[in-house]
Each structure stands twice: as structure tokens, then as C-alpha cells.
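Every heavy atom of this structure was used, including side-chain atoms; hydrogens, water molecules and symmetry mates were not.
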Amino acid sequence: GAGVSQSPSNKVTEKGKDVELRCDPISGHTALYWYRQSLGQGLEFLIYFQGNSAPDKSGLPSDRFSAERTGGSVSTLTIQRTQQEDSAVYLCASSTTGRGGYTFGSGTRLTVV
Amino acid sequence: SQQGEEDPQALSIQEGENATMNCSYKTSINNLQWYRQNSGRGLVHLILIRSNEREKHSGRLRVTLDTSKKSSSLLITASRAADTASYFCATDIRASGTYKYIFGTGTRLKVLA
């Protein structure tokens, strides 16, 4: 597609439920990133995929968070047993190689009630 | 702690004035980028400056990099109301082995018409 697409744009879920957030990067971009942004804060790195290499998961805050990238394209971020502190905007970005500028999606605003 | 820290946290200026934002970081980098974020959603890449560069221009934007002081500045000249946004610097950590960018906490710029 022309840009990075994220879905859903908004998600309200009950505490304890699992959620899946989707990112469809720009075709041909080998690098894909997930970040999290709490209200009024900076971006917190979560996970980085680059081609067929093992992902850099060093930013995942707990084992309730996981992500996969199928076929080197679409990525899904899964949060199990959601907690209220998981409420944030989850941003996905892709890049041709990881060395240059990112193109960000519009994000998924997750609210855990 | 954050790799990048922007200063000031908030800035309010009149239309036509110049806006200067600063970014300081802690460890050696390959590249430094500046992004703009409107309305708390997706970020837009503005400019990338490499560690061996000292200054770059793009339209009304001027970015400087001083690796000896581990700092960068973003200057927006002749500001417009449409420049109102949050501005973030992002640095990739040279020693990390992966091309993940760490974002600062941002400067909230308000340009008054």
C-alpha cells in the first residue's frame, strides 16, 4: 500500500482480555517496528523485525506481550490478559533497511477498562 | 532512562518567529532523526543527519549535530501556525547492533497566529 496501515484505529477492551493489533507495512520495507506511546509521553520501543533475522524483543515490557511477522510483511502485536497500564497508542513503523527514516502508521489507541 | 531528551518540553512562539529545539543523547550514535507528531498519532519523518555530518537543511528546517557534546538542534524558521505539533529526536545506538531508534520525550511547539 501507499503507507503503513494499522488496525483497528481504536480498541476498548476489558481488563484481562487478550487483544491483537495489526500492522501492514509498506510493500518492500524489510524493517518493521512497534512502539508504544502513553498520553503526553515519548515513544517506547517494543520490538523490531528486520528481514529474516531474529527479532529484537528487548523492549517488550512483559511476557504478556508478543509479536510476529508473517511472510516478512504483516505484523501482529498480541497483548494477553490486558491491564489498565497497557492503555496507550501503539504505533507501527516500517523502513526500507532500518537505517533511514521510518514511515509510521496512524496508530491503534488501546483503552483497557 | 531515555537515550534522547528534548529541551524545552514546551515552546510557545508567535507566527513568523524562529523556533529552536534541542536534543541531547547519552551514547555514540550512527544517525539522528527528527520527527513531527500531530494530534498524538502517527509521526512524520522530517530529517536524518548522520554522525559524520554537522548540519543539514530541508526547506525551513535546519538541523545541527555536535557529536562531541552529544547534542542536536532543530531550527524552524519563519514559523507558521501549521507547525504546531510535538517534535521528537530519535537516535540509533551505535553499539546496539541493531538499527532501532530510541525516541526522546519530545518538545510541544505551539505557534500562535
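- Nearest heavy-atom pair, Gln37(A) versus Phe88(B), reported as atom, atom and distance to 0.1 Å: NE2-CZ, 3.6 Å.
- Remark: aromatic rings of Tyr33(A) and Tyr101(B) are distant, center separation not under 6.0 Å.
- Contact tally against chain A (heavy-atom pairs below 4.5 Å) for Leu43(B), Asn31(B), Leu48(B): the top residue is Leu43(B).
- Counting heavy-atom pairs closer than 4.5 Å to chain B, the top residue among Gly101(A), Ser9(A), Gly105(A) is Gly101(A).
- When hydrophobic clusters are built by joining Ile, Leu, Val, Met, Phe, Trp and Tyr residues whose side-chain heavy atoms come closer than 4.5 Å, directly or via intermediates, Ile76(B) is grouped together with Leu32(B).
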Notebook entry, point to check: Can you list the steps and then say if Ile102(B) with Glu44(A) is a side chain to side chain contact (heavy atoms under 4.5 Å, CB included)?
Noted result: CA-CA 8 Å; Ile102(B) 305 300; Glu44(A) 177 188 1; over 6 Å; no

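- Other residues, nucleotides and ligands contribute more than 12 heavy atoms inside 6.0 Å of the CG atom of Asn52(B).
- Ring-plane geometry between Tyr35(B) and Phe104(A) is classed as perpendicular, the angle between the planes exceeding 60 degrees on a 0 to 90 degree scale with a lower cut at 30.
- For a residue to count as touching a neighbouring chain, one of its non-hydrogen atoms must lie under 4.5 Å from one of that chain's; by this rule Ser53(A) does not touch chain B.
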Side chains of residues 72-81 of chain A: which donor-acceptor pairs under 3.5 Å do they make with residues two or more places apart or in other chains?
residue: Ser75(A); atom: OG; partner: Trp34(A); partner atom: NE1; Å: 2.9
residue: Ser75(A); atom: OG; partner: Glu68(A); partner atom: O; Å: 3.0

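- Annotation: Glu85(A), atom CD; neighbour count of heavy atoms from other residues, nucleotides and ligands within 6.0 Å is above 12.
- Counting non-hydrogen atoms of neighbouring residues, nucleotides and ligands closer than 6.0 angstrom, the CZ atom of Arg60(B) exceeds 12 such neighbours.
- Within a 6.0 Å radius of CZ in Arg50(B), other residues, nucleotides and ligands contribute 12 heavy atoms or fewer.
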